[in-house]
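Contents: one structure, followed by commentary.
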Amino acid sequence: MVIAELRNVTKGFGPVTALAGIDLEIARGQLLALLGPNGAGKTTAVRLLLGLSTPDSGAARVFGRDPRERAARTRIGAMLQVGRVPETLRVSEHIRLFSSYYPKPLPFDETVALAGLEGLERRLFGKLSGGQKQRVLFALAVCGNPDILVLDEPTAGLDVDSRRGLWRHIRNFVARGGSVLLTTHYLEEADALADRIVVLNHGRIAAAGTSSEVRQRAAARKIRCITALDEPEIAAMAERVSVRRDGLFTEIVATDSDHLVRRLLTRDPEARDLEITSAGLEEAFLAITEAKS
Amino acid sequence: MTRAIWMEIRCEFLSRLRMPRYSVSILAFPLMFYVFFGLILHNGKLDGIGAAVYVLCTMATMGVMFAPLMGLAGGISAERGLGWMEVKRASPMPPIGWFLAKFCGGMAFSAIIVAALFVLAATLGGVRMPAAQWGALGGALIAGSIPFCVLGFVLGYLVTANAAPAMINLVAMPMAFCSGLWVPVQFLPHAIQGIAHFLPAYHLAEMSETLAGATGHGSVASHVQALIGLTIIFAAAARIVWRRDEGRVHAG
């Protein structure tokens, strides 16, 4: 069941086209990652879905409603990229204020637990670390007991530990039956969290599917072997190949790996220690966006 | 809903109270000016009232003008520019609570400024008035900060956070001058006297002077009418900027 969607949405800012006609659907219980480089249109898509801006054409719908309606807003929680939050309020004051906006908020203690803020309730926002601040913003997004969470680059600028901490809280929200739309340019993050990934580039959808489907679409494989052939020679064997030396080994990323391996073994029958793995999302992602641009 | 409004007002006050440096600077200027021009240079009478009373009216007007302009325009432009306002607008926050919180904050500052000036006037300035007159004057001045709250709201939506202090002064300083807060209006050139009639600070100062017993400053009713009219115009502008902001992208 689709609970939030963008339907054939375009949005431009002056001469710049932020979104060039995209469709996006978020199903109940799904964690959808919107993945793309800076300027791909991710934040624009989020703002449209939150009713913070209106599309030039097409429509944004949340539970079948215009997202600007209060009835839609009470069912969404949003975590946006914020430069600064009022620093002279305590964590508990921020949470209680936002809870008061919703008709059926979570109990205070539950919100605190969901965002991992135990023991920080009395702290002034300005005195928190970067990771703690992001968790407060996460708490403000979940405190209203929303059906869907919209998280715009929630872990931008966080260290590895804080990032993983926030992931755990996001997973907990999904485990309770919530849906999530998350934007990120951390490929690892989309891979680790999402049921479904939509790759956005230059305002268009470059690829969509589960994380393994997205990888397959790009069909990038990493081939590792010891070979006497030099780099330019290998690079010339197929299109979209990248080659690098790693000590004794040669590492090749290719979209048409079968073809490449066949030619490699024909040219160098002595090649050994051959290892073929599915490329990480990062490589797949680069292959997709480079192919489209 | 009422709970959300109450919480919003409470948080606005708490966060302001925890910024004493900011609060004190807003309070200090009108008091300082009053000491200079109302107490140290207190020579003679003007329009039938002593300088200590006359300057009390003009400096209190300045106080109830600057405090909401600084508080609302500065606060709102900062919240907008840094993305915080977006988080609030994405939530089901009832806008009325947020408006009320900002207005109550601005008016509370005005009330504190008026009270502090009254204490200075009654003690060091030796100003004597019947209790009812103090009450009417104080009430008029505090209520008189409403148009400035609305104007502060509009400015908060027109200027960026970095430019806010400079822009507020660019609006408020000429308005203070043209309204006769520093030099009585009758000593200003005719052209400026004409402009003064379109400025809320002029009407508020004139009304206070009349309430304080001065002659030749027009009836209270005429000034109240002018202030209400100007407030309606500012409110219409506020509605436009608030609506326009929906669907606007901020830096970053």
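Lettering of chains follows the sequences in order, A, B, ..., and the numbering in each one begins at 1.
For the pair A:R163 and A:Y186, the cation-pi test (distance below 6.0 Å, angle within 45°) is passed.
Looking only at heavy-atom pairs under 4.5 Å with chain A, the residue among B:E8, B:E79, B:R3 that has the most is B:E8. Note on A:L80, A:L50, A:L97, A:I76: by heavy-atom pairs under 4.5 Å with chain B, the leading option is A:L97. Your options are A:F98, A:Y102, A:Y101, and the one with the most heavy-atom pairs under 4.5 Å with chain B is A:Y101. Chain A forms more heavy-atom pairs under 4.5 Å with one residue of B:V87, B:L82, B:I5 than with any other, namely B:L82. Ranked by heavy-atom pairs shorter than 4.5 Å toward chain B, the options A:A141, A:P146, A:P86, A:A71 are led by A:P86.
In this structure, B:H223 and B:Y202 have perpendicular ring planes: the angle between them is above 60°, well past the 30° mark. Aromatic ring orientation, B:W84 versus A:H94: perpendicular (interplanar angle above 60°, classes split at 30° and 60°).
There is no contact between A:L48 and chain B, counting heavy-atom distances below 4.5 Å. Neither the backbone nor the side chain of A:R75 has a heavy atom closer than 4.5 Å to any heavy atom of chain B.
In this structure, the ring of B:F99 has its center less than 6.0 angstrom from the ring center of B:W242.
The minimum heavy-atom distance between B:A143 and B:P147, with the atom names listed, is O-CD, 4.1 Å. Across every non-hydrogen atom of B:P30 and B:I26, the tightest pair is CD-O, 3.4 Å.
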